[in-house]
Amino acid sequence: MSWPLALSQYRRSILKTDTPLIVLALCEKHGLSTEEELAKDSDVSLPALKRVLFDLRMNQLIEYGSHYLRLTIEGSHLLARMRLEEPIIDCVLDELNIGQGEQERYRQSLKAYRSTAFDYYLNSLSAMRVWRQIVSSAAPDASEEQKSVHTKAGMHAILMRDLKSWVNANEFTCRNVASNDSETHLRGILLTASLLHDVGCYHLADEKENFSTNFVRSYDRLVDVELRRTVQANAEEQTSRMLPLLLAFSSFQQSKEPDYWFDDWHEMRQKWPVFIPGRSIKNYIRRIIVLLREKDEDAPEKRSIAAPLLQSNCWRPQITAAVNTYNFVEKLLSSSSIAKLAQMTSTDVEPLSSLLKEVRDKCNELLEKAQTQDAGH
Amino acid sequence: MTLPDTPLSPEAASLLARIRPRVTSRLLEVNSVPVGILLWGPGISTPSPLASVRLGLRTLLRQNGHAAVYSEEICDSGAPYSIRLQQLAQAQEFDLIVSIPATPGAVGEVHDFAADRRVNAKLLVFLNQEQLSGYSPQSLKAVSTIVSCQIEYYSCATNTDIITQRTMEEAQRIREMKYILAGRF
């Protein structure tokens, strides 16, 4: 790009005061945002904010949708130039309650996600923020600590879902990540975040199962590690209440193109039920789920996948693991090579080979034992 | 200033606490980037009121950390090159050229550079609205685009606030762009 052209697209001076940069940073943190939300979080009056947003729009640093505004790729470059991307990512990680050891890996991966799939990155941040709002209104009787656990577990699950989709759906992106280290970090996170202690279990055939498993595991971890004393309710009981809601939200959000779901979300908020104290919280959440599913009409397939989970209103990771193991064995028996099996199970060849070696050793061990026992008889 | 006491959400407060110090430090860096500005217009000894405007602009720009100079300050009368050639060489090296022609005849001089693609994108020309008739101002207006020389109009020789205001804005915009793009290309 030539200098005159670059300058012609930067029509307003915006760096004399800190407000425009703070608004831009908040805009990124929100993912998709509204003027009212930005005014509330930036401590700037709405008229003053509108002037700032006008200048940012003139410089093509933000853009407007029907109900939202968001950063453009130029806006993301400006924040990166001002070295503000890391503090924003750090704030996202702070909200997830990730241990210090894991933070660096997450940070690298989020930076790579941001730089290679900025639109999706914004959508992830937005979904995480909307989940916080859903928890806040769908669990009005919960204590702040309980809400915090619901929120963090859901946000973590949403982030993992999106990071995994990013890697799986766009291998090209992953290969083009600035450094190989980022990819390694990302794979490391996906493996540790599975919390199922082996490679195969995270690569469940059904995205919903992956998502749900991750939510339950995140939830268990948060309750165990951080808030065991303050959250009185049993973790399973809590997840059985919040998981269907998270699944319905995820299904609703993923049934739309990036950004468009946020428009529907804003329209839907007008119809959001009001919780009446004394009434059953279960029924209240059910009404919200119905509302989310009504908006999910474009995705019958996704709904059908989630339907058994929604109907059962209860999630048992052990059952999923058992079903998944059965599927895995079926695929193993019908595979002609490790590469083919890796393809069928969406797994990498290397970890799959290690897993198969372990299975082989275990099979040999069991068969030898059986033979010894037979000989003894 | 008294603002309504609406508490920030913990997430917003955490983000603001993290980014404010960084923003402050970045803005200090931005606002120390100098812009090279060449000032064309009536000489200091001429009776035109624009002479004092040009001098005031030079002072103000320098106070803001810019490298603002008169063209005649850096012309070498002993050099074997014409004034025009020297001005072209200067124009190529500076970031912004502010031209304040005081007479209709002086507007003609601007034409030399307004059509030259090497430098016309850097030109910011101020014309007197009372002197718009004639070929020179009309044709200058015709060659002005968003990526070539910009033309601004002031109402009369005694009402020239817009010259200072627009020049300062333009210098700041270029300063920011130089920082964002890590220099000029």
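Just so you know, these numbers use all the heavy atoms, side chains as well, and skip hydrogens, waters and symmetry mates. Sequence lines set the chain letters: A, B, ... in the order given, protein chains first and strands last, and positions in each chain run from 1.
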Novice: Relative to chain A, which segment of B:Q150 carries a heavy atom at a distance below 4.5 Å: side chain, backbone, both, or neither?
Specialist: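 Neither part.
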
Novice: A:L78 versus chain B, heavy atoms under 4.5 Å apart: side chain, backbone, both or neither?
Specialist: side chain

Novice: Using atom types as modelled and distance alone, determine if a side-chain donor or acceptor of B:R26 lies under 3.5 Å from a backbone N or O of A:L84.
Specialist: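 Pair absent, no side-chain N/O of B:R26 close to backbone of A:L84.
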
Novice: For B:F113, does the CZ atom sit with more than 12 other heavy atoms under 6.0 Å from it, leaving out its own atoms?
Specialist: yes

Novice: Which of residues 157-167 of chain B get closer than 4.5 angstrom to chain A, counting heavy atoms alone?
Specialist: none

Novice: Rounded to the nearest 0.5 Å, what separates atom CD1 in B:I19 from atom CG in A:L21?
Specialist: 8.0 Å

Novice: Using a cut-off of under 4.5 Å for heavy-atom pairs, which of A:E95, A:K16, A:E86 has the most such pairs with chain B?
Specialist: A:K16

Novice: Does A:M82 reach the side chain of B:V23, with side-chain heavy atoms less than 4.5 Å apart?
Specialist: no

Novice: Select all residues of residues 82-90 of chain B having any heavy atom within less than 4.5 Å of some heavy atom of chain A, and report them by number, or 'none'.
Specialist: none

Novice: Taking 4.0 angstrom as the limit, do A:R132 and B:E11 come out as a salt bridge?
Specialist: yes

Novice: To the nearest 0.5 angstrom, please state how far the CE atom of B:M177 sits from the CH2 atom of A:W3.
Specialist: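 Here the interatomic distance stands at 6.0 Å.
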
Novice: Rounded to the nearest 0.5 Å, how far apart are CG of A:L61 and CD1 of B:I180?
Specialist: 7.5 Å

Novice: Side chain from CB out, backbone as N, CA, C, O: work out which of these in B:A182 comes under 4.5 Å of a heavy atom of chain A, or both, or neither.
Specialist: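 When you check distances to chain A, atoms from both the backbone and side chain of B:A182 fall under 4.5 Å.
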
Novice: What is the distance from atom OG of B:S25 to atom CZ of A:R83, rounded to the nearest 0.5 Å?
Specialist: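 Those atoms lie 7.0 Å apart.
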
Novice: Do A:P87 and B:R22 have side chains that get closer than 4.5 Å, going by heavy atoms?
Specialist: yes

Novice: Just wondering, are more than 12 heavy atoms of other shown residues or ligands nearer than 6.0 Å to OH in B:Y135?
Specialist: no

Novice: Examine B:R173 relative to A:Y10 and say whether NZ or CZ is less than 6.0 Å from the centre of the six-membered ring and inside a 45° cone about the ring axis.
Specialist: no

Novice: Can B:E169 and A:R11 be said to form a salt bridge (Lys or Arg N to Asp or Glu O under 4.0 Å), step by step?
Specialist: CA-CA 10 Å; B:E169 275 175 14; A:R11 298 171 69 178; over 6 Å; no

Novice: Using modelled atom types and a 3.5 Å cut-off, is there a donor and acceptor pairing between side-chain atoms of B:E176 and backbone atoms of A:I14?
Specialist: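 Pair found, side chain donor or acceptor close to backbone of A:I14.
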
Novice: Once you round to the nearest 0.5 Å, how far does NZ of A:K29 lie from OG of B:S14?
Specialist: 7.5 Å

Novice: Could you check A:V92, A:D41, A:D90, A:L26 and say which one makes a side chain to side chain contact (heavy atoms under 4.5 Å, CB included) with B:L15?
Specialist: A:L26

Novice: Under 4.0 Å between a side-chain nitrogen and a carboxylate oxygen: does that hold for A:D94 and B:R18?
Specialist: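 So A:D94 pairs with B:R18 through a salt bridge.
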
Novice: By a 4.5 Å heavy-atom criterion (distance strictly below it), what part of B:L16 contacts chain A: side chain, backbone, both, or neither?
Specialist: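 Side chain only.
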
